[in-house]
2 protein chains.
Amino acid sequence: MRDSSDKTPIWKAIANALRSDLAEGRYAPGDKLPTEAALADRFGVNRHTVRHGISVLVEEGLVRTRRGAGAFVAATPTDYPIGNRVRFHENLIAAGRRPEKRMLALDERTATIGEAQALQIEAGDPVCAYHGLSLADGQPIAVFESLFPLARLGGITAALKETSSVTQALSVVGIDDYTRASTRLTAVRATATHALLLHVAEGDPLLRSSSLNHSQGGLPVEYGRTWFAGDRVTLTLEA
Amino acid sequence: MRDSSDKTPIWKAIANALRSDLAEGRYAPGDKLPTEAALADRFGVNRHTVRHGISVLVEEGLVRTRRGAGAFVAATPTDYPIGNRVRFHENLIAAGRRPEKRMLALDERTATIGEAQALQIEAGDPVCAYHGLSLADGQPIAVFESLFPLARLGGITAALKETSSVTQALSVVGIDDYTRASTRLTAVRATATHALLLHVAEGDPLLRSSSLNHSQGGLPVEYGRTWFAGDRVTLTLEA
DNA sequence: CTTTCCTATACAACTATACATATCTTATCA
DNA sequence: TGATAAGATATGTATAGTTGTATAGGAAAG
């Protein structure tokens, strides 16, 4: 009887080696791993074998890859508390991450039937549509679309053009405070557009939030829909 | 025509044929043998019969195989003298082989109890850990980890980042000469990580050397552990 | 009947190479 | 200063070839 050595496949050994590197903190979240070619050279194996090993870590959510850019240590999923006051930037800053908001579109149009119902206005009434992208540490986190009823919030479009902060823009048009009236959550598959913006694959799961914010007077001032990248955000519910 | 009286098995005949090819220098060390399919075709036998013959040469250490790549003529084991002055590169160059050193990791951490004892420092004191791979003619020979006490050798990390030569880096921080104070040798089985780096099978025997180098002043300046691929190196003791 | 030798087939694991596609970097020009 | 183009990098995909392993079976020898 020869010693039948219980053998670990090379790809698994590579996955283990990289995983322990991550566990030891050799690479910080967001850091770029060595390129596949460099790792293949280091271990003296073919690039495909390295790719197999890395794919394990991607599968586990420890690593994210971007074609043409590299493989990166996955950022810790952002805990995102949902309460009656949701402020995107504050949450991210509290989590020690660098938030960024990028405006994609800002225009005035008429409300659809569903939107009008949510905002308690008439279908066809003018609204301000604010479309944007939220990032943390340069990584896209969510796509959002906010609708504001122009009848109640004249001048919000111009205000948003300046600040890009919803809270601040609402303040300009006289809404000093607002609270979340309702939040609905569902999981959807990423459309091509959302996938492109969020740097995920088409069909990847997204967390969609539909929320309604009321003014102190109890009237709807904002109807927002947000698509979160499912593997980068964890929503937490407060009591 | 001794078809009826031929009592040597085909696989043994193939082994002999290949062995004499090697003895005649038909293949140089490092050369690739014909593929199993080609040999099977040449001898007019099944691939498994050829594999059996090749496996004999692998047992004898004349041939090394790499899955997916082929069978290669093994390089003769490197004689590696162990004395009070051990310089890796010089030994390999003297043996007519092309040495190469590859840095795997370089970081500063705190010493474990055993490491501290060897280096005559306190447990938890900062050390510089230099992890690397040594190759000869592109073939991995040994994995090593060198520890340097930062209290006595401030700046060694930066120096190693530049030179990758231990002797040179020690010179930068004021250690112009050092000698081996002790060397301990044991045989261990290859872990998955070591097997991966050394291109051996998991569980294969490795030669592990723990050595301590002192400065001229008699203080420990380096505590090194090295894992040699057992079939690729022979350690020799000097008087 | 059992063991050894050899054949046959199929699949898994790894290598080698080429090319496509996305990203990053740098030079260049207006 | 900023925009653009070009080149270098890096990951994604496809194809083919090679060794490793498992299984099954036939033929000859002890």
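Every heavy atom of this structure was used, including side-chain atoms; hydrogens, water molecules and symmetry mates were not. Chain naming here is simple, since letters A, B, ... match the order of the sequence lines and numbering starts at 1 in each.
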**Asked** Checking all strands, does B:His52 fall into the base, sugar-phosphate, or nothing category for heavy-atom contacts under 4.0 angstrom?
**Response** nothing

**Prompt:** In terms of the nearest nucleotide of DNA chain C, which residue is placed more toward the 5' end: B:His48 or B:Trp11?
**Reply:**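 That would be B:Trp11.
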
**Complete:** On DNA chain C, more 5' by nearest nucleotide between B:Gly44 and A:Phe72 is B:Gly44

Heavy atoms only: give me the nearest [X]-[Y] pair and the separation to one decimal.
X	Y	result
A:Ala142	A:Thr226	CB-CG2, 3.7 Å
B:Tyr27	B:Pro34	OH-CD, 3.5 Å
A:Glu222	A:Ser146	OE2-OG, 2.5 Å

**Asked** Using a heavy-atom cut-off of 4.0 Å to chain A, what are the terminal contacting nucleotides of DNA chain C, in 5' to 3' order?
**Response** C:dC14 to C:dC24

[atom1] of [X] versus [atom2] of [N]: gap in Å, rounded?
X	N	atom1	atom2	result
A:Ile54	D:dT13	CD1	P	14 Å
A:Ile10	D:dT19	CD1	C1'	11 Å
B:Leu57	D:dT19	CG	C1'	16 Å

**Message:** Using ring pair (Phe, Tyr, Trp, His ring centres under 6.0 Å), reason through A:Tyr130 and A:Phe144 one step at a time and then give a plain yes or no.
**Reply:** CA-CA 8 Å; A:Tyr130 176 31; A:Phe144 63 89; 5.4 Å; yes

**Message:** Can you confirm whether B:Lys12 is buried at NZ, in the sense that more than 12 heavy atoms of other residues, nucleotides or ligands lie under 6.0 Å from that atom?
**Reply:** no

**Message:** Please determine whether the number of non-hydrogen atoms from other residues, nucleotides or ligands lying under 6.0 Å from atom NZ of B:Lys161 exceeds 12.
**Reply:** no

**Complete:** Which of A:Thr65, A:Thr49, A:Leu62 passes side chain to side chain contact (heavy atoms under 4.5 Å, CB included) with A:Ile54? It is A:Thr65

Between protein and nucleotides 10-12 of chain D, what N or O pairs are separated by less than 3.5 Å?
residue : atom : partner : partner atom : Å
D:dT11  : OP2  : A:Glu36 : N            : 2.9
D:dT11  : O4'  : A:Gly68 : N            : 3.2
D:dG12  : OP1  : A:Thr65 : OG1          : 3.0
D:dG12  : OP2  : A:Arg51 : NH1          : 2.8
D:dG12  : O4'  : A:Arg67 : NE           : 3.1
D:dG12  : O4'  : A:Arg67 : NH2          : 2.8
D:dG12  : O6   : A:Arg47 : NH2          : 2.8

**Prompt:** Do A:Arg225 and A:Glu115 come close enough that some side-chain heavy atom pair is under 4.5 Å?
**Reply:** yes

